[in-house]
Amino acid sequence: MKYSVPRGTKDILPQETPIWQHLEAVFRRVFSLFGYQEVRTPIFESTELFARSIGTTTDIVAKEMYEFKDRKGRSLTLRPEETAPVVRAALENNLISPDNVTKLYYIGPMFRYERPQAGRQRQFHQAGVEVFGSNSPSLDAEVILLNLELFKGLGIRDLGLNLNSVGCSKCRPNYTKNLQEHFKENIKNMCEDCRTRFEHNPLRILDCKNANCQQTIEAAPASINTLCDECRDHLNELMKFLKIAGVEYVINNRLVRGLDYYTKTTFEITSNALGAQNAVSGGGRYDNLVEQLGGKAIPAVGFAVGMERIVEILKKSEIRNQKSEQGIILFLATMGEEGQVKGFELLKEIRSLGIAAEMDYLGKSLKAQLKVADRLGAKYVYIIGDDEIAKESGILKTMATSEQQEVKFELLKEALK
RNA sequence: GCGGCCUUGGUGUAGUGGUAACACAGCAGAUUGUGGUUCUGCUUUCGCGGGUUCAAUUCCCGCAGGCCGCCCCA
């Protein structure tokens with residue numbers, strides 16, 4: 001094979017596209033049910049946008065970006081996530097204001113230069129939402145409910161919801177200080193990553209899975225204990241709303257997310273049906289990002305769902321919906337040049353009635369054409385050979401019963417209704 | 001970025017230091033214009049590059065790709 005897909009990318013073939021289409025249809029339905037409208041932003045943005053918003057010390061920015069220079073030397077990057085582009089687009093087009101709630105959703109490919117693995121690709125697809133304009137915890141709850149509704153709509157079960165609060169610009173510094181305080185003594189025994197994190201981003205130490213570091217991490221103070229009153233209330237309110245909605249969750253105070261812009265609420269939904277890459281969606285609140293990117297101080301919440309992972313679950317769990325693609329209704333089996341011409345003519349007419357029809361383009365034998373028709377799942381085959389041309393009527397065969405009847409060319413349309 | 005396993009026709013597999021087998025799919029045929037069963041035949045292959053050897057698909061090294069774990073995340 002001379003050419004193959006670039007590492008970490010995949011072709012989504014006809015065999016699989018029905019699942020994707022179904023997935024997207026369900027998502028769109030749920031999104032609009034909750035009042036969200038779609039935005040489509042460019043696949044690439046200025047590198048600066050991502051560096052600014054996601055944070056220069058995060059893995060995504062530090063080592064996973066598909067960055068390139070265009071012909072004028074501008075530094076651009078294939079979007080690794082969609083929150084920053086949506087904020088950018090919303091600001092640039094005046095879609096948001098402090099006085100109104102704006103609900104947006106997106107579906108599309110994202111790019112991260114990572115080592116491929118099951119459930120992790122370099123080009124993958126996310127669907128997600130971003131809501132702007134309210135700092136009410138009820139909105140956090142709604143967003144989480146919406147997220148769960150997405151999975152419910154697909155019949156996916158066995159999910160876990162993890163919840164945490166990473167505080168705000170007021171109380172987070174206290175927490176980082178607490179963490180540094182806690183890790184100070186043991187940091188020299190911890191892994192290299194943790195040591196750099198200790199300097200630049202102590203929060204991220206909590207994310208470390210290294211066995212040696214675990215002990216120290218487990219004893220680390222939880223962020224929810226150092227939250228300021230406002231953040232603490234916010235979390236309590238959110239939990240109250242979730243309770244009202246009957247949503248079960250687990251407080252996971254090790255849940256820090258890999259992007260710097262989160263404030264207060266962070267959450268992640270995991271599936272038991274997957275391997276190591278078990279997070280199917282994740283998100284949280286980001287009250288400072290809009291302002292940070294040049295807008296007014298407008299609070300926001302959002303999340304993103306990993307679509308490949310959902311597809312994996314659907315495939316495994318056999319929830320797999322029966323192929324929705326409608327088969328061919330009519331196959332025109334033709335013989336001889338005149339038959340082919342007549343078939344071509346009829347094909348056009350039949351299709352104009354909205355009936356899916358197909359014909360032979362290879363000059364195959366009648367036997368072979370019937371075989372093809374059978375494989376296509378055709379309900380009827382209409383046979384046109386020299387005899388039929390002479391009589392101006394073809395043979396309409398019902399595949400399931402093998403019954404045949406003569407039908408005049410001009411009456412074929414009627415017969416199919 | 002690190003580690004482990006893997007790479008044979010379109011697909012799934014077998015196998016050997018002397019150029020490869022099976023199943024399914026595909027195509028064709030079984031009195032010449034009729035499908036889904038059966039039978040027969042045909043097409044297509046040892047990821048790439050080096051090395052060892054008289055000879056490698058089989059042994060060794062490198063690369064690429066895949067899978068799994070770490071990391072991270074969706």
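In what follows, every chain begins at residue 1, and chains take the letters A, B, ... in the order their sequences are listed.
Separating the C1' atom of B/U57 from that of B/C70 is a span of 34 Å, rounded to the nearest Å. Rounded to whole Å, the separation between the P atoms of B/U43 and B/G10 comes to 15 Å. Comparing B/U11 with B/A30, their C1' atoms are spaced 28 Å from each other, to the whole Å. One P atom belongs to B/U13, the other to B/G49, and the distance between them is 25 Å to the nearest Å. B/A20 and B/C42 have their P atoms separated by 16 Å, given to the nearest Å. Remark: the separation of the P atoms in B/U32 and B/G15 is 45 Å, to the nearest Å. To the nearest whole angstrom, the two P atoms, one in B/C22 and one in B/C39, are 16 Å apart. B/G17 and B/C60 have their P atoms separated by 13 Å, with the value rounded to a whole Å.
Applying the side chain to side chain donor-acceptor pair (under 3.5 Å) rule to A/Thr58 yields no partners; only residues at least two apart in sequence or on another chain are considered. Under the side chain to side chain donor-acceptor pair (under 3.5 Å) criterion, A/Asp70 pairs with A/Arg74, sequence neighbours left out.
For A/Ile395 and A/Gln121, each mapped to the nucleotide of RNA chain B holding its nearest heavy atom, the one lying further toward the 5' end belongs to A/Ile395. Along RNA chain B, the nucleotide nearest to A/Leu259 and the one nearest to A/Leu366 differ in position, and the one closer to the 5' end is contacted by A/Leu366.
Side-chain contact check for A/Glu67 and A/Ser75: at least one donor-acceptor pair (N or O, by modelled atom type) lies under 3.5 Å. A/Thr41 and A/Tyr106 share no side-chain donor-acceptor pair at under 3.5 Å.
The base of B/G36 has none of its N or O atoms less than 3.5 Å from a complementary donor or acceptor on the side chain of A/Asp374. Donor-acceptor pairing under 3.5 Å, judged by distance alone, is absent between the side chain of A/Gln369 and the base of B/U34.
Minimum interatomic distance between A/Leu332 and A/Leu346 (heavy atoms only, all atoms of both residues): CD1-C, 4.3 Å. Here the closest heavy-atom approach between residue A/Met65 and residue A/Ile60 is recorded as CG-O, 3.1 Å.
Within the structure, salt bridge (charged side-chain N to carboxylate O under 4.0 Å, His left out) contacts touching residues 392-402 of chain A (residues at least two apart or in different chains) do not occur. The list of ring pair (Phe, Tyr, Trp, His ring centres under 6.0 Å) pairs with a residue in residues 126-169 of chain A, not counting sequence neighbours, is empty. Here ring pair (Phe, Tyr, Trp, His ring centres under 6.0 Å) pairs that include residues 371-415 of chain A, with residues two or more places apart or in two chains, number zero. Listed by first and then second residue, the salt bridge (charged side-chain N to carboxylate O under 4.0 Å, His left out) pairs involving residues 163-175 of chain A are A/Lys170-A/Glu230 (not counting sequence neighbours).
A/Glu16 has no carboxylate O lying under 4.0 Å from a charged side-chain N of A/Lys10, or vice versa, which leaves the two without a salt bridge. Using a 4.0 Å cut-off between a side-chain N of Lys or Arg and a carboxylate O of Asp or Glu, A/Glu38 and A/Arg28 qualify as a salt bridge. A/Glu181 and A/Lys177 are not joined by a salt bridge, as no carboxylate oxygen comes within less than 4.0 angstrom of a charged side-chain nitrogen. A salt bridge links A/Arg79 and A/Glu82; the closest N-O separation between the charged side-chain nitrogens and carboxylate oxygens is under 4.0 Å.
Here the P atom of nucleotide B/C72 and the CD atom of A/Glu268 are 12 Å apart, to the nearest Å. For A/Arg112 and B/G1, the CZ to C1' distance is 17 Å, given to the nearest whole Å. Distance A/Phe303 CZ to B/A74 P: 12 Å, rounded to the nearest Å. When the P atom of B/A25 is taken as reference, atom CD of A/Gln15 falls 16 Å away, rounded to whole Å. Between A/His125 atom NE2 and B/A74 atom C1' there is a gap of 12 Å when expressed in whole angstrom units. Rounded to an integer number of Å, the gap from A/Glu308 CD to B/A74 P is 13 Å. When the P atom of B/G29 is taken as reference, atom NZ of A/Lys364 falls 11 Å away, rounded to whole Å. Separating the CG atom of A/Leu362 from the C1' atom of B/G26 is a distance of 13 Å, rounded to the nearest angstrom.
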Mind listing the N/O atom pairs, protein and nucleotides 37-45 of chain B, below 3.5 Å?
none

Dump every N/O contact between nucleotides 65-68 of chain B and the protein below 3.5 Å, one line per pair.
{"unit_1": "B/G66", "atom_1": "OP1", "unit_2": "A/Gly8", "atom_2": "N", "d": "3.1"}
{"unit_1": "B/G66", "atom_1": "OP2", "unit_2": "A/Arg7", "atom_2": "NE", "d": "2.7"}
{"unit_1": "B/C68", "atom_1": "OP2", "unit_2": "A/Ala118", "atom_2": "N", "d": "2.3"}

For residues 280-289 of chain A, tabulate all N or O donor-acceptor pairs below 3.5 Å that involve a side-chain atom, not counting sequence neighbours.
{"unit_1": "A/Ser281", "atom_1": "OG", "unit_2": "A/Asn147", "atom_2": "OD1", "d": "3.4"}
{"unit_1": "A/Ser281", "atom_1": "OG", "unit_2": "A/Asn147", "atom_2": "ND2", "d": "2.8"}
{"unit_1": "A/Arg285", "atom_1": "NE", "unit_2": "A/Asp140", "atom_2": "OD1", "d": "3.0"}
{"unit_1": "A/Arg285", "atom_1": "NE", "unit_2": "A/Asp140", "atom_2": "OD2", "d": "3.1"}
{"unit_1": "A/Arg285", "atom_1": "NE", "unit_2": "A/His234", "atom_2": "NE2", "d": "3.4"}
{"unit_1": "A/Arg285", "atom_1": "NH1", "unit_2": "A/Ser134", "atom_2": "O", "d": "3.1"}
{"unit_1": "A/Arg285", "atom_1": "NH1", "unit_2": "A/Asp287", "atom_2": "OD1", "d": "2.8"}
{"unit_1": "A/Arg285", "atom_1": "NH2", "unit_2": "A/Ser134", "atom_2": "O", "d": "3.2"}
{"unit_1": "A/Arg285", "atom_1": "NH2", "unit_2": "A/Ser136", "atom_2": "O", "d": "3.3"}
{"unit_1": "A/Arg285", "atom_1": "NH2", "unit_2": "A/Asp140", "atom_2": "OD1", "d": "2.6"}
{"unit_1": "A/Tyr286", "atom_1": "OH", "unit_2": "A/Glu130", "atom_2": "OE1", "d": "2.4"}
{"unit_1": "A/Asp287", "atom_1": "OD1", "unit_2": "A/Ala300", "atom_2": "N", "d": "3.4"}

Check residues 367-378 of chain A and write down every donor-acceptor pair under 3.5 Å in which the side-chain atom is one partner and the other belongs to a residue at least two apart or another chain.
{"unit_1": "A/Gln369", "atom_1": "OE1", "unit_2": "A/Thr334", "atom_2": "N", "d": "3.0"}
{"unit_1": "A/Gln369", "atom_1": "NE2", "unit_2": "A/Thr334", "atom_2": "O", "d": "2.7"}
{"unit_1": "A/Gln369", "atom_1": "NE2", "unit_2": "A/Lys364", "atom_2": "O", "d": "3.0"}

Original post:
If you write RNA chain B from 5' to 3' in dot-bracket form, with Watson-Crick or G-U pairs under 3.5 Å, [ ] for crossing pairs and | for pairs with another strand, what do you get?
Top reply: (((((((..((((.......)))).(((((.......)))))....(((((.......))))))))))))....

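Applying the 4.0 Å criterion to OP1 and OP2 of B/A28, one finds that A/Lys371 has every side-chain N and O outside that range.
Within 4.0 Å of A/Glu64, counting heavy atoms only, lie sugar-phosphate atoms of the nucleic acid but no base atom. As judged by a 4.0 angstrom heavy-atom cut-off over every strand, A/Ala304 is placed among residues touching the sugar-phosphate backbone only. Within 4.0 Å (heavy atoms only), A/Ile60 reaches no atom of the nucleic acid at all. Here A/Lys397 lies in heavy-atom contact (under 4.0 Å) with a base.
Contacts between residues 381-392 of chain A and RNA chain B, counted as heavy-atom distances below 4.0 Å, involve A/Ile383, A/Asp386, A/Asp387, A/Glu388.
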